[in-house]
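Contents: one structure, followed by commentary.
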Amino acid sequence: MEDCSRCGLIADWFLFGSASRNSALPNDVDVLCVLEDYSKQGLLFSICEPFLLSAPVHLRVLSRSDERRLGFILKTSAVRLGTPP
Amino acid sequence: MNNAFIKELLMKSQDVKDATWLSDHLIEIVRHNDPPFQAAILSEKLVKIEHVAPFLSGPASVVANFPKIGMWTGEAIRGCEDAGKAWGQWGVLLRALGRDNPESTENPEIAFSRRGLEQHTRVASVDFELDHLLLVRHEKGREFRVALVYEYDLCANDVRVAWEKLGKFDLLLKTNPNGSIFSDAYDAARSLGVLIFNFREILSFLAKGKF
């Protein structure tokens with residue numbers, strides 16, 4: 001998250017799935033990243049890749065409009081990580 | 001890969017009594033109620049045959065790739081299956097912890113799709129190109145590259161991300177039975193020459209054979 005922020009990538013981050021429900025041993029950690037749009041998705045993946053290769057993290061990326069359309073945060077009871085940008 | 005974090009994660013399991021690294025990638029897992037077993041744990045973006053080869057003739061029951069974003073080549077998968085080893089991402093190892101026979105553990109999402117397609121009366125064969133990209137040969141001779149995508153609600157970006165990650169494919173199978181497929185996903189797929197199906201739909205498509 002901090003690396004993305006340092007690179008000027010504005011995003012909202014959330015935890016969802018079993019890890020957000022304090023499951024003792026989740027299969028993986030589900031993280032949602034909400035971007036303004038998908039134009040910076042490639043940059044996001046390149047910044048996050050080293051971290052994603054060192055942990056069982058599933059990164060779901062949605063644009064703000066897609067997240068609103070899917071109601072993803074509400075449906076999954078996602079928990080915000082960090083403070084809003 | 002030998003690190004305390006992985007051992008710590010394994011020790012959180014109610015099935016695990018102890019875990020000891022035997023080498024950089026090999027860990028022995030002692031369980032409360034079942035016999036111990038060994039697992040090889042990798043950390044690769046793309047697991048190839050050379051990554052799994054060192055473990056195929058040894059006592060490891062499971063070969064697991066730790067990062068979720070990691071993929072497996074078909075050759076690495078076949079190597080493990082031919083050697084009677086379970087293969088997959090971290091979740092497969094976690095599943096193995098509670099099984100009598102860890103070596104038969106599967107990723108249920110992949111296994112269900114693969115088995116269902118293999119059992120289809122008009123399908124001649126199913127092979128892995130990658131762990132989430134199947135090569136399905138129809139009895140009429142046509143071959144389809146089938147991408148497996150697990151998202152709950154499938155949208156256009158998911159189609160494009162799958163295309164970037166897996167390379168070209170002909171069919172996209174939404175393996176999560178819940179949620180929906182949004183109309184823009186179909187539009188994105190159409191622009192790529194791809195058809196999107198849920199499981200029932202792909203079976204019907206293959207049965208009709210209209211291609």
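The chains referred to below are lettered A, B, ... by the order of the sequence lines, with proteins before strands, and numbering in each begins at 1. Keep in mind the model is a prediction, meaning the values are calculated, not measured.
With a 4.5 angstrom heavy-atom cutoff, A:Leu62 touches chain B only via side-chain atoms. In this structure, the portion of B:Glu151 lying under 4.5 Å from any heavy atom of chain A is its side chain and not its backbone. Heavy-atom distances place the side chain of B:Asp158, and not its backbone, under 4.5 Å from chain A.
The pair A:Glu49-B:Lys45 meets the salt-bridge criterion, since a charged nitrogen lies less than 4.0 angstrom from a carboxylate oxygen.
Between chain A and the options B:Val161, B:Asp184, B:Asn65, heavy-atom pairs under 4.5 Å are most frequent for B:Asp184. For the options A:Gln41, A:Arg60, A:Lys75, heavy-atom pairs under 4.5 Å to chain B are most numerous at A:Arg60.
Ring orientation note: the planes of B:Trp163 and B:Phe169 are nearly perpendicular, at an angle over 60° on the 30°/60° scale.
Taking the six-membered ring wherever Trp is involved, the centroid distance between the rings of B:Phe128 and B:Trp87 falls below 6.0 Å. Taking the six-membered ring for Trp and the full ring otherwise, the centers of B:Phe199 and B:Phe112 sit less than 6.0 Å from each other. The aromatic ring centres of B:Phe144 and B:Phe205 sit less than 6.0 Å apart.
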